[in-house]
Visitor: 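This structure is in structure tokens; I'll ask about it shortly.
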Protein chains: 2
Amino acid sequence: MTRPADPITNPPVTSDSIAQALSVAIHEHRIAPGTKLGEDELSEIYGVSRTVVRASLQTLSHIRLVDIRRNKGASVASPSTTEAHEVFEARELLEPRTARSAARRSTPADILKLERHIHDEHAALDANDSGRALYLSGLFHTEIARIAGQATIAGFIETLVARSSLIIALYWRRESALCEKHAHHALVQALADQNEQQAEELMRSHLVDLHSALDLRERNERTLSLKDALSS
Amino acid sequence: MTRPADPITNPPVTSDSIAQALSVAIHEHRIAPGTKLGEDELSEIYGVSRTVVRASLQTLSHIRLVDIRRNKGASVASPSTTEAHEVFEARELLEPRTARSAARRSTPADILKLERHIHDEHAALDANDSGRALYLSGLFHTEIARIAGQATIAGFIETLVARSSLIIALYWRRESALCEKHAHHALVQALADQNEQQAEELMRSHLVDLHSALDLRERNERTLSLKDALSS
DNA sequence: GAAACTTCTTTTGTATACAATTTTGTGTCC
DNA sequence: GGACACAAAATTGTATACAAAAGAAGTTTC
């Protein structure tokens with residue numbers, strides 16, 4: 001009952017490709033934080049055995065997109081407000097310095113790639129696909145880390161961006177519009193100019209803006225929200 | 001043929017406990033970088049099936065202590081000089097700031113714990129168990145991150161410390177003695193005094209010392225060393 | 001003797017079977 | 001009707017069986 005594995009029409013389904021697909025779906029807010037990810041369910045969807053599915057879930061749990069609890073299975077992670085602060089504080093520590101390095105090392109090809117990223121983001125927004133726009137906006141940040149040539153730090157930022165997506169899903173304030181257009185554009189300009197100081201400063205303020213656009217008032221670690229919701 | 005699981009004499013063997021055991025063994029340099037970690041071999045040693053062993057190896061590969069290549073299996077990672085620089089640069093970015101936070105937040109109980117750590121390190125050194133001393137010295141760093149109350153960053157530092165252990169196994173210069181005693185002791189003093197500035201500065205210089213005690217001259221990513229070794 | 005081609009052996013990848021645990025449903029008692 | 005006990009179903013954890021790939025050894029050919 002295994003798939004014929006026609007490499008043209010049917011790219012092979014590996015545990016990595018499943019992790020990737022789930023990761024994108026979570027980034028794009030098509031799967032909400034807290035959603036149960038049953039093994040049988042996923043193995044049915046992807047046409048592989050639970051063995052493979054379990055490997056992908058383990059991968060996702062290591063970047064903390066997914067919570068695995070023994071005998072309880074996997075579900076999409078649901079970061080607390082404390083964790084949310086931690087994630088953004090970590091980003092504020094890592095990314096400005098990384099943007100500085102990126103400004104020093106960026107090539108014209110890098111700039112072109114980033115501009116194309118921004119263009120795609122705009123297109124997604126115009127198509128009212130805010131989930132996709134958020135995903136692309138995350139890629140923008142990891143791409144800058146990659147340009148900085150610090151693969152290790154880039155890996156950290158990748159996980160932080162992933163968790164940020166969950167945090168935004170949970171705590172984003174409706175009032176504040178997600179207007180990253182200008183921030184990202186200005187950053188690319190600074191990188192193109194190799195203006196290290198400005199790149200660092202723009203990244204810092206961009207992250208502070210994001211952080212403060214979250215509603216992170218303590219709600220007892222998001223356990224009472226159910227009670228709140230039903231107390232009407 | 002499963003184990004009776006007497007919880008007193010036989011703590012249950014989980015994939016986490018295997019990962020932990022391997023991690024310590026690697027930290028203590030009882031398993032060298034590059035060593036093949038066969039699944040059958042490990043499942044025999046720990047008395048569990050390959051399923052469980054595979055899960056632990058996957059865990060270790062996510063913190064980059066282990067390299068898994070498809071159809072080739074797992075082996076202890078062997079970081080290149082480039083990766084080594086990256087790891088220490090990341091540490092130099094993260095840890096000084098973290099030490100500063102730790103100085104702000106440390107309690108007398110924390111200080112006591114750190115002092116006990118240092119004591120254990122000395123004991124290991126006196127017993128000529130330099131592997132154990134290195135492992136404890138790594139724990140010292142992750143403990144400080146934990147005191148800083150940034151679990152996210154602490155997690156990053158944990159993986160950086162782990163990889164540092166591999167790097168030290170590969171690139172440590174014999175000439176320079178591993179004299180962390182004083183550095184660690186001075187750091188604890190700064191934390192006890194809640195002297196943020198000094199804690200940050202001591203951590204930075206400690207890491208720079210470590211970094212510069214490595215022999216990271218390019219050797220073509222450590223591929224020629226075999227040829228070198230056989231050219232006598 | 002070395003390169004290239006066959007087996008044969010070992011090792012990893014995946015599916016499946018079964019055991020252990022949690023969750024859900026049902027009936028009983030008060 | 002609600003608290004409890006117990007049985008049934010669903011889900012996860014682990015072992016094992018088999019398929020696929022890589023590595024080793026031996027054979028042929030030049």
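Here is how names work: the chains are called A, B, and so on, in the same order as the sequence lines, proteins then strands, and each is numbered from 1.
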Visitor: Roughly, in whole Å, what's the span from CD in A:Glu41 to P in D:dT11?
Guide: 9 Å

Visitor: Answer yes or no: is there a side-chain heavy-atom contact under 4.5 Å between B:Asp40 and B:Arg50?
Guide: yes

Visitor: Could you check whether A:Glu83 pairs with A:Arg64 (Lys NZ or Arg NE/NH1/NH2 to Asp/Glu carboxylate O, under 4.0 Å)?
Guide: yes

Visitor: With respect to the phosphate group of D:dA22, does any side-chain polar atom (N or O) of B:Lys36 fall under 4.0 Å of OP1 or OP2?
Guide: no

Visitor: With side chains defined as the heavy atoms from C-beta onward, is the minimum distance between A:Val52 and A:Val13 less than 4.5 Å?
Guide: no

Visitor: I want to confirm an ordering. Mapping A:Arg70 and B:Asn71 to their closest nucleotides on DNA chain C, which one lands closer to the 5' end?
Guide: B:Asn71

Visitor: Rounded to whole angstrom units, what separation is found between the NZ atom of B:Lys72 and the C1' atom of D:dA24?
Guide: 15 Å

Visitor: Whether B:Asp120 and B:Arg132 form a salt bridge (side-chain N of Lys/Arg under 4.0 Å from carboxylate O of Asp/Glu) is what I want to check.
Guide: no

Visitor: Quick one: A:Leu37 CG to D:dT12 P, roughly how many Å, whole number?
Guide: 10 Å

Visitor: Write down the distance between CD1 (B:Ile68) and P (C:dT14), rounded to a whole number of angstrom.
Guide: 12 Å

Visitor: Rounding to an integer number of Å, can you tell me how far B:Tyr46 OH sits from D:dT14 P?
Guide: 16 Å

Visitor: Quickly work out the B:Glu44 CD to C:dT10 P distance and round it to whole Å.
Guide: 14 Å

Visitor: Would A:Arg217 and A:Thr81 satisfy side-chain contact (heavy atoms from CB on, under 4.5 Å), going step by step from the backbone distance to the final call?
Guide: CA-CA 7 Å; A:Arg217 286 168 303 185; A:Thr81 53; over 6 Å; no

Visitor: Would you mind reading off the distance between B:Arg69 atom CZ and C:dT11 atom C1', rounded to a whole angstrom?
Guide: 14 Å

Visitor: Rounding to a whole Å, what distance do you find between A:Glu39:CD and D:dG13:P?
Guide: 6 Å

Visitor: Within residues 48-66 of chain A, find the residues that approach DNA chain D with a heavy atom at under 4.0 Å, and present them sorted by residue number.
Guide: A:Arg50, A:Arg54

Visitor: Using atom types as modelled, flag every donor-acceptor pair under 3.5 Å from a side chain in residues 70-77 of chain A to any protein atom, sequence neighbours excluded.
Guide:
none

